[in-house]
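Scroll down for the structure; my scribbles are underneath it.
Positions are given from 1, in the same order as the sequence printed here.
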Amino acid sequence: MMASTLPVLDLALLELPDAEQAQYLAELRETARDVGFFYLVNHGINPQLLQNVQSITCAFFALPDEEKQRVSMIHSPHFRGYNRAGVEYTREQRDQREQFDIGAERAALTLQPDDPAWKQLQGPNLWPQALPQLRPVIHAWQQAMTDVALRLLRAFAKSLALPPDAFDALYGTHPNEHVKLIRYPGQDAAASQQGVGAHKDSGFLTFLLQDDQPGLQVEVTPDQWVDALPKAGAFVVNIGELLEIATNGYLRATVHRVVSPPANQQRISIAFFLGAQLDAEVPLYQLPPQLAAEARGPTSDPSNPLLREVGWNYLKGRLRSHRDVAQRYYADTLNSVKS
């Protein structure tokens, strides 16, 4: 295993006047194509908010189990809420992480018989009554992170010689913004070390706020993994499958995983996923000829193919990962897929 060699990119430099930013946009483009992961600094998020979201995350996981079970994901057809370690699956193996999933706070839709199943993904979050301060802190975090994510997304568009608002139609007015609070409990050496299995992220961009415990690893070449070590004040950012599909593989959604911490330790991380509107369909953006010639085509796992229909692509991943919720609320969809 190599120490982290992920690039460090400065958001402030990506927003300089046009005449001064070309060098940094080229660096962003090349980093996203060659690695797909980087640290983002000078993002402008208030350090106090960073501390608040980390503190409230620790407070949530410190709640008694019965309080966390009151907001268990099994109560939500929208895949919101808490999961114990070992409930979620990646590549058919159990992930050893506790987590709490929060999406955009919207009313559930009334589905008609012919509506696609992914429409059921929209809905309210579950919030623990024992920790009422969680909701305002997470809402502030979502708003701040959305601003940073859109700034970076528009920098990506410019780096590809597209209009700055090229991806705005996909983002839409009802984007699929997603926060995941995560705790990786320590594992004995003889136990499974799969904090979360090797995977790519769906959506546009993922931002990860880490504590000081290492564990995140990035597959930079086949079978070569690099540690994405914690870096104070920085986010680890990676490309999602939507951008890989939209750019014909020019931008790279990179496989990554988390290795469990040692026994008697834990790892806390907070992920923000910027996604597209659920009813969107991802087009193939026309890049300039010199960039289009460098696009390698999106890579797809035959057992988990990429879909251009955003809602179906997102629902597919949730059904695979959260089998108990899928069976309770999406049994008809599961049966139609199997038949």
Side-chain angles (χ1 to χ4, degrees), residues 6-40 146 148-173 175-176 200-207 218-222 235-256 273-302 304-314:
L6 297 182
V8 178
L9 298 181
D10 187 327
L11 185 56
L13 296 178
L14 297 171
E15 297 176 329
L16 289 171
D18 290 349
E20 303 174 44
Q21 66 181 207
Q23 169 189 344
Y24 306 109
L25 291 175
E27 182 181 356
L28 173 67
R29 182 179 67 243
E30 292 163 5
T31 295
R33 178 181 182 272
D34 297 337
V35 183
F37 262 81
F38 55 90
Y39 296 104
L40 187 71
T146 297
V148 169
L150 289 176
R151 288 161 58 199
L152 183 59
L153 188 65
R154 287 162 185 164
F156 269 114
K158 289 195 291 183
S159 79
L160 295 168
L162 297 171
D165 62 355
F167 300 119
D168 283 17
L170 276 175
Y171 177 78
T173 58
N176 185 31
K200 294 182 178 184
D201 290 341
S202 60
F204 284 121
L205 296 167
T206 301
F207 296 75
V218 179
E219 189 179 43
V220 292
T221 62
F235 295 118
V236 177
V237 180
N238 61 281
I239 309 300
E241 291 176 332
L242 284 185
L243 285 183
E244 184 171 352
I245 296 171
T247 61
N248 194 33
Y250 187 96
L251 299 180
R252 177 181 178 187
T254 304
V255 173
H256 53 287
F273 305 89
L274 182 73
Q277 190 160 296
L278 289 172
D279 62 358
E281 185 168 335
V282 183
L284 180 62
Y285 287 84
Q286 296 302 309
L287 304 181
Q290 67 273 20
L291 298 183
E294 298 175 351
R296 293 169 285 195
T299 58
S300 182
D301 181 346
N304 187 27
L306 301 177
L307 303 174
R308 290 192 175 274
E309 297 87 354
V310 171
W312 283 116
N313 203 49
Y314 186 73

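- Without hydrogens or angle criteria, Arg308 side chain to Val282 main chain gives a donor-acceptor distance under 3.5 Å.
- Expressed to the nearest 0.5 Å, how far CG of Leu14 lies from CG of Leu28 amounts to 5.5 Å.
- Counting heavy atoms from C-beta outward, Arg154 and Asp168 have side chains that approach closer than 4.5 Å.
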Next on the checklist: side-chain contact (heavy atoms from CB on, under 4.5 Å) for Leu287 and Leu162? Distances and angles first, verdict last.
Outcome noted: CA-CA 7 Å; Leu287 304 181; Leu162 297 171; 4.2 Å; yes
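- When all heavy atoms of Gly172 and Pro175 are compared, the pair lying nearest together is O-CD, 4.1 Å.
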Next on the checklist: Evaluate Tyr39 against Leu9 for side-chain contact (heavy atoms from CB on, under 4.5 Å), listing each step before the verdict.
Outcome noted: CA-CA 6 Å; Tyr39 296 104; Leu9 298 181; over 6 Å; no
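- Residues Leu205 and Ile239 meet the side-chain proximity criterion, which asks for heavy atoms closer than 4.5 Å.
- Side-chain contact check for Leu242 versus Leu170: every heavy-atom pair is 4.5 Å or farther apart.
- How far OG of Ser159 is from CG of Leu251: 6.5 Å, rounded to the nearest 0.5 Å.
- Between Arg29 and Leu291, the closest side-chain pair of non-hydrogen atoms falls below 4.5 Å.
- To the nearest 0.5 Å, atoms CG (Leu25) and CD (Glu30) are separated by 11.0 Å.
- Shortest non-hydrogen contact noted between Ser202 and Asn313 is CB-ND2, 4.4 Å.
- For the atom pair CZ of Phe204 and CG of Leu150, the computed distance is 9.0 Å after rounding to the nearest 0.5 Å.
- When all heavy atoms of Thr254 and Val35 are compared, the closest pair comes out as OG1-O, 2.5 Å.
- In plain terms, the two heavy atoms of Asp34 and Arg252 that are nearest each other are O-NH1, 2.6 Å.
- Going from atom CG of Asp10 over to atom CG of Leu40 covers 8.0 Å, rounded to the nearest 0.5 Å.
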Next on the checklist: Between Val310 and Gln277, does the side-chain contact (heavy atoms from CB on, under 4.5 Å) criterion hold? Intermediate values first, please.
Outcome noted: CA-CA 7 Å; Val310 171; Gln277 190 160 296; over 6 Å; no
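- Note that the OH atom of Tyr314 and the CG atom of Asn176 stand 5.0 Å from one another [nearest 0.5 Å].
- Shown here for Glu244 and Ala253, the closest heavy-atom pair between the two residues is OE1-CB, 2.8 Å.
- At least one donor-acceptor pair under 3.5 Å links the side chain of Tyr285 to the backbone N or O of Ala166.
- When all heavy atoms of Thr31 and Phe37 are compared, the pair lying nearest together is CG2-O, 3.9 Å.
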Item to check | Candidate pair Val237 and Thr206, rule side-chain contact (heavy atoms from CB on, under 4.5 Å), full reasoning | outcome: CA-CA 6 Å; Val237 180; Thr206 301; over 6 Å; no
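- By the 4.5 Å heavy-atom criterion applied to side chains, Phe156 and Thr247 are not counted as neighbours.
- Panel note: side chain Arg33, backbone Glu294; a donor-acceptor pair is recorded below 3.5 Å.
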